[in-house]
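Order of the sequence lines fixes the chain letters, A, B, ..., with proteins taken first and strands second; residue numbering starts at 1 for each chain. On a predicted model such as this, the values are computed, not experimentally measured, just so you know.
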2 protein chains.
Amino acid sequence: MYHYRYPRGALTVDCVVFGLDEDDLKVLLIERDQAPFEGKWALPGGFVRLDETLEAAALRELGEETGLSRLYLEQLHAFSRVDRDPRERVVSVAFYSLVKLGDHRVQAATDARDAAWFPVHDVPTLAFDHEEILEVAIERLRQKLRHEPIGFELLPSKFTLSQLQRLYEIVLERSLDKRNFRKRVLAMDLLIETDEVQQDVAHRAARLYRFDEKKYQKLRKAGFSFDV
Amino acid sequence: MYHYRYPRGALTVDCVVFGLDEDDLKVLLIERDQAPFEGKWALPGGFVRLDETLEAAALRELGEETGLSRLYLEQLHAFSRVDRDPRERVVSVAFYSLVKLGDHRVQAATDARDAAWFPVHDVPTLAFDHEEILEVAIERLRQKLRHEPIGFELLPSKFTLSQLQRLYEIVLERSLDKRNFRKRVLAMDLLIETDEVQQDVAHRAARLYRFDEKKYQKLRKAGFSFDV
DNA sequence: CCAAAAGTGTTTCACGTACACCCATGC
DNA sequence: GCATGGGTGTACGTGAAACACTTTTGG
């Protein structure tokens, strides 16, 4: 048992993990196998330990609950409604994360019966205030995508311009002009044209590109802004 | 005494309060009168209670330590380095706040020997990781100012266009063209021209404007973006 | 009348946007 | 040969940026 002079709330992290498939932006949810909200779907997350940062806790929980690792992770917001957890006072710091869907086969683990991807606009009723967290995360992702080239985190490392465009259309929820999109995205000069093309498609194969991560980091350190 | 099965860290809030005077962006600091860092300057802040949200805690602490109230407040980031507090594990959620300097006479109170405004680029050595928090806050303020009309929170409710321009120049740290600035800021159509002019100036008195808060809220709800 | 800041328009250039057709490939 | 998506250029309009002088007021 641990003793304190004043009462203390608990501190958790919750992760909104985004992935992209052919036609949807997806979010990773787990089905809880413990009270409260046993059997309900929820964002992966859990308690923060004393010897780890919030970021480390988020990564650890994701590994434990879903098997995910090595992913883009960014702090979103702290949620602190007094009654957001029925057990006791719990403040949660939410993160959002972008993963390449193909790379990761998620699997339920600790604290979870199951883990699965849901279209962000078609999720079941969620535990706690997780629906609110999800909404905030979607909005933030949209904002971020407009101003920084982070979309690549959602795509395989080699991708076609059409895949990239589809990504923007799905996240921003509007259609974009193909020629203008290609002009802008090539003009920012952060794509490397590979000498490979798509395989196994029933039509003309598209050229594959890679994101120039190094160049981007250099520009970013030099204080740059993008706005796709 | 309070007992828990697992050890718990403490949770605090810290506030970066910005104000603007003639020639500087200022930040409000308090001189601590308790260990740790007794006698050092720090951001105002303190422990979060179980029956209040983080936002409420931030407002309460600001009131207690500095006498400030009714101000623009926004969550910044959670800071969680394991050793950021020498006593024990403390995670802090930082906020930033904008106040109209003229309106507020700050006064030291609870936990503080003194409270004072410092130019953001000329602060003493700060307690904890507060210098890092301040840097993040400045950067965030800059970003926000570029995309949303929040600068008015730093000015008296009636202000001249030159004051507004000076605000942008000070925060963004670059000079702006007077005519282009006036065009842009008037074009967004959120300023109300009053029939008053500056008083007691040793030159031609400038017209005073007010920010059209109601109109702005309407546009914002309709999903709008600005970019000054 | 001088100092100090207020106020005001035009031109130029870059970039966003709208828009339609031919090409390569697999079946 | 046909279906499917890949790939390409131009014209137009809007908005950002550069730029300098006159006006008003107080001292």
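- In this structure, the nucleotide among dG7(C), dG6(D), dT8(C) sitting nearest to the side chain of R182(A) is dG6(D).
- If you measure from atom CE of M188(B) to atom C1' of dG15(D), you get 16 Å, rounded to the nearest angstrom.
- Distance check: Y168(A) OH to E173(A) CD gives 15.5 Å after rounding to the nearest 0.5 Å.
- Closest heavy-atom contact between T125(B) and E131(B): CA-OE2, 3.4 Å.
- Checking dA18(C), dG6(D), dT8(C) against every side-chain atom of S162(A), the shortest atom distance belongs to dG6(D).
- Here dA18(C) is the nucleotide among dA24(C), dA18(C), dG9(C) with the atom lying nearest to any side-chain atom of N180(A).
- When rounded to the nearest whole Å, the span between CG of L161(A) and P of dG6(D) equals 9 Å.
- When the nearest nucleotides of DNA chain C are assigned to A205(A) and R174(A) by heavy-atom distance, the more 5′-ward of the two goes with R174(A).
- For the residue pair S80(B)/T53(A), the side-chain donor-acceptor check at 3.5 Å is not satisfied.
- Residue Y72(B) comes nearest to I150(B) through the heavy atom pair OH-CG2, 3.7 Å, listed as atom of the first residue, atom of the second, then distance.
- Proximity note for R179(A) (side chain, C-beta onward) versus dG9(D), dG6(D), dA6(C): the nearest is dG9(D).
- A straight line from CD of Q165(A) to P of dT8(D) spans 14 Å, rounded to a whole angstrom.
- Taking only side-chain atoms of K183(B), from C-beta outward, the nucleotide of dG9(C), dG26(C), dA18(C) with the closest atom is dG9(C).
- In this structure, the NZ atom of K178(A) is 14 Å from the P atom of dT4(D), given to the nearest Å.
- Across the protein-nucleic acid pair, F159(A) atom CZ and dG6(D) atom P stand 14 Å apart, rounded to whole Å.
- As rounded to whole Å, 12 Å separates atom P of dG6(D) from atom CZ of F181(A).
- When the C1' atom of dT25(D) is taken as reference, atom CG of D200(B) falls 13 Å away, rounded to whole Å.
- For R184(B) and dA17(D), the shortest distance from a side-chain N or O to OP1 or OP2 is below 4.0 Å.
- Residue T160(A) is out of contact with every strand shown, counting any heavy-atom pair closer than 4.0 Å.
- In this structure, D177(B) atom CG and dG9(C) atom C1' are separated by 12 Å, rounded to whole Å.
- Taking the charged nitrogens against the carboxylate oxygens, R166(A) and D23(A) have no contact shorter than 4.0 Å, which rules out a salt bridge.
- Side chain of H203(A), nearest nucleotide from dG5(D), dA5(C), dC19(D): dG5(D).
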